[in-house]
Amino acid sequence: MDGTLFRTQDLIVHCVNETSQKYLKRSLPREDSLWSFGPPARNIIRQLVALNPGKPVNSAVDYYDSLYRSNFRDMAVGFRGIPELLQGLSKSGKSLAIVTSETSALSDYALKAFSLHGYFDALVTSDDVSKRKPDPEGVHLALKKIQLGPEDCMLVGDSAVDIAAGKKAGLVTGAALWGSETWGDPRIASPDHLFSDVQELSKFFLTQSNLWRR
């Protein structure tokens, strides 16, 4: 979702830092090891506040969520061509699912904000799994929800953990290079296909004969 359908990196960094400033009176630079506890970013908030006994962890998480919502429309950026791609895929009868490390509440909010929620047959979030990507648990659950096997599907993602999760689940994988500057380069995980922009992905699915028709 993030980094493939739209970009939220600047939003997430802003909200984490605002929360850190409010509760701990300091910012959280990107090189800080605490960033390794995300995504979702509320994991970072929990770890950050937990380092300071007596700080209200739940309150900090709620504050982060409120910042995410209030700043989303100003800071999140939709990738050009995504609505048209999803419309085309939907009209062609393909099943679409999202596997994201974000929470259900913020995933629903983000998809509705960009008017994209109606295109997907399944949404698997961090609330639905016990192991996050690159573990394939979320991908397996998505396949179960759309009632398709891995041989019928392709996973498209913007990070190496996305690609690794898809490979472990037995799917063909495609790297969304238009969003790969967010959390790392997906090419290090050796995806089967590289897509430099949304238009290339659209051409692959909608104008070329290929094996992933469902």
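Small disclaimer: the values here were computed from a predicted structure and weren't measured. Only this structure's heavy atoms are used, side chains among them; waters, hydrogens and symmetry mates stay out.
Two rings, from Phe114 and Phe72, have their centers less than 6.0 Å apart.
Considering only heavy atoms from C-beta on, Ser95 comes within 4.5 Å of Asp121 through its side chain. At least one side-chain heavy atom of Pro150 sits under 4.5 Å from a side-chain heavy atom of Leu143. Using a 4.5 Å heavy-atom cutoff, the side chains of Phe204 and Val156 are not in contact. Under the 4.5 Å side-chain criterion, counting only non-hydrogen atoms from C-beta, Leu11 is in contact with Cys15. By the 4.5 Å heavy-atom criterion applied to side chains, Leu171 and Asp192 are not counted as neighbours. A 4.5 Å side-chain heavy-atom check between His193 and Val172 finds at least one atom pair inside the cut-off. Asp128 places a side-chain heavy atom less than 4.5 Å from the side chain of Leu141. Contact check for Leu86 versus Phe120: side-chain heavy atoms found under the 4.5 Å cut-off.
A single hydrophobic cluster is not seen to contain both Val139 and Val161; linkage of ILVMFWY side chains at heavy-atom distances under 4.5 Å, directly or through other members, places them apart. Residues Leu155 and Val124 do not share a hydrophobic cluster, defined by chaining ILVMFWY side chains whose heavy atoms lie under 4.5 Å apart. Cluster annotation: Ile98 and Met154 are assigned to the same hydrophobic cluster (Ile/Leu/Val/Met/Phe/Trp/Tyr, side-chain heavy-atom contacts under 4.5 Å, transitive). The hydrophobic clustering, which links ILVMFWY residues whose side-chain heavy atoms are closer than 4.5 Å, places Leu24 and Ile12 together.
Applying the side-chain hydrogen bond (donor to acceptor under 3.5 Å, both in side chains) test to pairs two or more places apart or on separate chains, those with a residue in residues 137-146 are Ser130-Glu137. Among residue pairs with one or both ends in residues 161-171, those qualifying as side-chain hydrogen bond (donor to acceptor under 3.5 Å, both in side chains) are Lys133-Asp162, Ser159-Asp162; sequence neighbours excluded. Sequence neighbours left out, not one pair with a member in residues 8-19 passes salt bridge (charged side-chain N to carboxylate O under 4.0 Å, His left out).
The line from CD1 of Ile163 to CD1 of Ile188 is 10.5 Å long, rounded to the nearest 0.5 Å. In this structure, Asp74 CG and His14 NE2 are separated by 9.5 Å, a value rounded to the nearest 0.5 Å. The SG atom of Cys153 sits 11.0 Å away from atom NZ of Lys94, with the distance rounded to the nearest 0.5 Å. To the nearest 0.5 Å, atoms CD (Gln147) and CG (Asp152) are separated by 12.0 Å. Expressed to the nearest 0.5 Å, how far OG of Ser196 lies from CG of Leu177 amounts to 7.0 Å.
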TODO: Walk me through it: do Ser92 and Leu206 pass the test side-chain contact (heavy atoms from CB on, under 4.5 Å)?
DONE: CA-CA 8 Å; Ser92 70; Leu206 301 178; 4.3 Å; yes
- [ ] Assess whether side chain to side chain donor-acceptor pair (under 3.5 Å) is satisfied between Asp127 and Ser104, documenting all intermediate values.
- [x] CA-CA 6 Å; Asp127 298 326; Ser104 295; 3.1 Å; yes
Open item on the list: For a side-chain contact (heavy atoms from CB on, under 4.5 Å) check, start with the C-alpha distance between Leu89 and Leu96, then their side-chain angles and the critical distance, and finish with the verdict.
Closed with: CA-CA 8 Å; Leu89 291 173; Leu96 298 174; 3.8 Å; yes
Task: From CA spacing to verdict: side-chain contact (heavy atoms from CB on, under 4.5 Å), Tyr64, Val16 - done: CA-CA 7 Å; Tyr64 170 87; Val16 168; 3.8 Å; yes
Task: Worked check of side-chain contact (heavy atoms from CB on, under 4.5 Å) between Leu194 and Arg187 - done: CA-CA 8 Å; Leu194 300 176; Arg187 287 172 290 192; 3.6 Å; yes
Open item on the list: Show, in sequence, the C-alpha distance, side-chain angles and deciding distance for Tyr68 and Thr8, and conclude whether the side chain to side chain donor-acceptor pair (under 3.5 Å) test is met.
Closed with: CA-CA 10 Å; Tyr68 186 97; Thr8 57; 4.7 Å; no
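The two residues Asp158 and Pro186 have their closest heavy-atom pair at O-CD, 3.3 Å. Contact record, Gly3 with Trp178: O-NE1, 4.1 Å, taken as the closest heavy-atom pair. The two residues Thr4 and Phe79 have their closest heavy-atom pair at O-CD1, 3.4 Å. The two atoms that bring Ile45 and Val61 nearest to each other are CG2-N, 4.0 Å, heavy atoms only. Contact detail for Ala60 and Thr19: the closest heavy-atom pair is O-CG2, 3.6 Å. When all heavy atoms of Gly138 and Val99 are compared, the pair lying nearest together is O-CG2, 3.6 Å.
A cation-pi contact, defined as under 6.0 Å to the ring centre and within 45° of the axis, links Lys22 to Tyr63.
For Arg69, the side-chain contact (heavy atoms from CB on, under 4.5 Å) partners are Ala105, Leu106, Tyr109, not counting sequence neighbours. Applying the side-chain contact (heavy atoms from CB on, under 4.5 Å) test to Asp197 and every residue at least two apart in sequence or in another chain returns Gln199, Glu200. In this structure, the salt bridge (Lys or Arg N to Asp or Glu O under 4.0 Å) partners of Asp65, at least two apart in sequence or on a different chain, are Arg42.
In this structure, Ser126 contributes its side chain and Glu102 its backbone to a donor-acceptor pair below 3.5 Å. Remark: the backbone N or O of Thr103 is paired with a side-chain donor or acceptor of Ser107 at under 3.5 angstrom.
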